[in-house]
Chemist: 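Mind looking over this structure? Questions follow.
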Amino acid sequence: MATQKQPLKGHICLVTGASRGIGACIARTVAAAGASTVINYRNSELQAKILLEELQEKGYQVMAIKADVSRSQEVEFMFAAIEQEWGSVDLLVNNAGISLRRLFTETSEEEWQQVMDINLKGSFLCCRRALPAMIRNRFGRIINIASIWGLRAASCEVVYAASKGGLIALSRSLAAEMGPSGITVNAIAPGPVDTEMLDHELEESDRKSLIDEIPLGRLATPDDVASLCLFLLTESAYINGQVITLDGGWKI
Ligand code: NAP
């Protein structure tokens, strides 16, 4: 039975790309809110295991599953494993993603394909696999973690921006198609979030000038994203097809 302290009790939440960064924080948050939580990862087995043990020690119901979200067979395996253990996923957070910082003219076809496969096709595959049960049960919540670069111009991140723009379009149209079945689909578009992904992209001096541009005077934390996710999963049954920017007022 759901309580105010554990509003997601009785729900099954899959968080893709949850071994570290934003996804790990979302997994911590939804598990603390009572959801049976799946930590999906692709390579970071040790980090996923450490997170799994941390959450199990707190008494939360969690499992970790290795699967590349860009591969349909692995997505199928992951969902089948969850269903066998707990039942069908009714809360899906498509967070797995990779960045690519490159001059457009130096971007290879393979790099384009990899970014699209993980950032866009991965969400397509997970939504497509999750939806039949959500439709049957007339309930579901899907959150796609996009980026401010899906809404604004991003020099030297054109392909990444295109993948996130695609994810935003997917979220809006899927929301229109699934609303009648009691399923909401929303996207979160964060500005810079303090994770390893950003560390790989920014020199210390660039980081300082970036922070100077943000009206709230700091980068977002993974917790900022996780709190918004929790709100969308618990408090917001009538928010559907929205793209919520989370950037401290950076790109108003
Ligand atoms: P991160 O620290 O690099 O973590 C990325 C996560 O995605 C890892 O857990 C990684 O798992 C997983 N992943 C990557 N490819 C995968 C695949 N094919 N299948 C399954 N999992 C996969 O990144 P982050 O900063 O937390 O970003 C999370 C999401 O937020 C991404 O979609 C990103 O585009 C978006 N975002 C980030 C920022 C930012 O400034 N950090 C801003 C806006 C949006 P493994 O390590 O196991 O591969």
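Just follow the structure's listing: the first ligand is 1, and inside any ligand the first atom is 1.
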Chemist: Do ligand 1 and Ile22 have nitrogen or oxygen atoms that lie under 3.5 Å from each other?
Modeler: yes
Chemist: Go through the side-chain N and O atoms of Tyr60 and Gln56 and say whether any donor and acceptor fall under 3.5 Å apart.
Modeler: no
Chemist: Any idea which part of Ala189 is under 4.0 Å from ligand 1, heavy-atom wise: side chain, backbone, both or neither?
Modeler: neither
Chemist: When you compare ligand 1 with Ser147, is there at least one nitrogen or oxygen pair between them that comes in under 3.5 angstrom?
Modeler: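 No, since none of the N or O atoms of Ser147 sits under 3.5 Å from an N or O of ligand 1.
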Chemist: How does Ala146 reach ligand 1, by side chain, by backbone, by both or by neither, if only non-hydrogen atoms under 4.0 Å count?
Modeler: backbone
Chemist: Starting at CG of Leu14, measure out to CE of Met63 and round the result to the nearest 0.5 Å.
Modeler: 9.5 Å
Chemist: Just jot down the ligand 1 atoms closer than 4.0 angstrom to any heavy atom of Gly21, in number order.
Modeler: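 Those atoms are 2 (O), 26 (O).
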Chemist: Distance only, no hydrogens: is a donor on one side chain within 3.5 Å (strictly under) of an acceptor on the other, for Asp223 and Thr221?
Modeler: no
Chemist: I need the nearest protein heavy-atom contact for atom 32 (O) of ligand 1: residue, atom name and distance, please.
Modeler: Asn95 O, 2.7 Å
Chemist: Starting from atom 7 (O) of ligand 1, find the nearest protein heavy-atom neighbour and note its residue, name and distance.
Modeler: Gly17 CA, 3.5 Å
Chemist: Using the six-membered ring wherever Trp is involved, compare the ring planes of Phe139 and His11 and label them parallel, tilted or perpendicular (cut-offs 30° and 60°).
Modeler: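 Aromatic pair Phe139/His11 classed tilted.
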Chemist: Distance-only, no hydrogens or angles: does the Ser181 side chain make a donor-acceptor pair with backbone N or O of Ile183 under 3.5 Å?
Modeler: no
Chemist: Where is the tightest heavy-atom contact between Asp247 and Ile148, given as atom of each residue plus distance?
Modeler: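 What the structure gives for the nearest pair is OD2-CD1, 3.9 Å.
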Chemist: What protein heavy atom is closest to atom 11 (O) of ligand 1, reported as residue, atom name and distance in Å?
Modeler: Ser19 OG, 3.3 Å
Chemist: Would you say the side chains of Thr184 and Asn240 form a donor-acceptor pair under 3.5 Å?
Modeler: no
Chemist: Are a donor atom and an acceptor atom from the side chains of Ser99 and Glu201 found within less than 3.5 Å of each other?
Modeler: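 The answer is yes; a qualifying pair exists.
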Chemist: Are there more than 12 heavy atoms of other residues, nucleotides or ligands under 6.0 Å from atom CZ of Arg152?
Modeler: yes
Chemist: Heavy-atom contacts with Ile145 under 4.0 Å: which atoms of ligand 1 show up? List them by number with element.
Modeler: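 This gives 30 (O), 32 (O), 35 (C) as the contact atoms.
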Chemist: Is there a heavy atom in Ser99 that sits closer than 4.0 Å to ligand 1?
Modeler: no
Chemist: Among all protein non-hydrogen atoms, which one is nearest to atom 40 (O) of ligand 1, and what is the separation to 0.1 Å?
Modeler: Val193 N, 2.8 Å
Chemist: Please determine whether any non-hydrogen atom of Thr16 lies less than 4.0 Å from an atom of ligand 1.
Modeler: no
Chemist: Using a plain distance cutoff, I'd like to know if Val69 has any nitrogen or oxygen under 3.5 Å from a nitrogen or oxygen of ligand 1.
Modeler: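 Yes, since at least one N or O of Val69 sits under 3.5 Å from an N or O of ligand 1.
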Chemist: Output yes when the distance from some N or O of ligand 1 to some N or O of Ser70 is under 3.5 Å, and no in every other case.
Modeler: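 For ligand 1, there is no N or O atom that lies under 3.5 Å from one belonging to Ser70.
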Chemist: Which bit of Trp149 gets closer than 4.0 Å to ligand 1, counting heavy atoms only: side chain, backbone, both or neither?
Modeler: neither
Chemist: Taking the side chain as C-beta and beyond, is there a heavy-atom pair between Asn186 and Ile244 under 4.5 Å?
Modeler: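 No, too far: nothing below the 4.5 Å cut-off.
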Chemist: For Thr195, which part has a heavy atom under 4.0 Å from ligand 1: side chain, backbone, both, or neither?
Modeler: side chain
Chemist: Which heavy atom of the protein is the closest neighbour of atom 5 (C) of ligand 1, given with residue, atom name and distance?
Modeler: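 Sorting protein heavy atoms by distance from atom 5 (C) of ligand 1 puts Gly97 O, 3.8 Å first.
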Chemist: What protein heavy atom is closest to atom 18 (N) of ligand 1, reported as residue, atom name and distance in Å?
Modeler: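 Of every protein heavy atom, Asp68 OD1, 2.8 Å lies nearest to atom 18 (N) of ligand 1.
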Chemist: With rounding to the nearest 0.5 angstrom, report the CG to CZ distance, Asp90 to Arg138.
Modeler: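 Nearest 0.5 Å value for the CG-CZ distance: 15.0 Å.
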Chemist: Without hydrogens or angle criteria, can the side chains of Gln47 and Ser19 be said to hold a donor-acceptor pair below 3.5 Å?
Modeler: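 Their side chains do not contain a donor-acceptor pair, so the 3.5 Å distance test is not met.
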Chemist: Donor-acceptor pair, distance only, cut-off 3.5 Å: does the side chain of Asp224 make one with the backbone of Ala220?
Modeler: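 The answer is no, because no donor-acceptor pair under 3.5 Å joins these two groups.
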Chemist: Could you tell me the residue and atom name of the protein heavy atom closest to atom 1 (P) of ligand 1, and the distance to it rounded to 0.1 Å?
Modeler: Arg20 NH1, 3.3 Å
Chemist: Could a heavy atom of Ala24 be found less than 4.0 Å from some atom of ligand 1?
Modeler: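 Per 4.0 Å heavy-atom rule, Ala24 does not contact ligand 1.
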Chemist: Is Lys164 in contact with ligand 1, taking contact as a heavy-atom separation below 4.0 Å?
Modeler: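 Checking ligand 1 against Lys164, which is what was asked, there is a heavy-atom contact under 4.0 Å.
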Chemist: Considering heavy atoms of the protein only, find what lies nearest to atom 16 (C) of ligand 1 and give residue, atom and distance to 0.1 Å.
Modeler: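 Closest protein heavy atom to atom 16 (C) of ligand 1: Arg42 NE, 3.6 Å.
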Chemist: Please determine whether any non-hydrogen atom of Pro192 lies less than 4.0 Å from an atom of ligand 1.
Modeler: yes
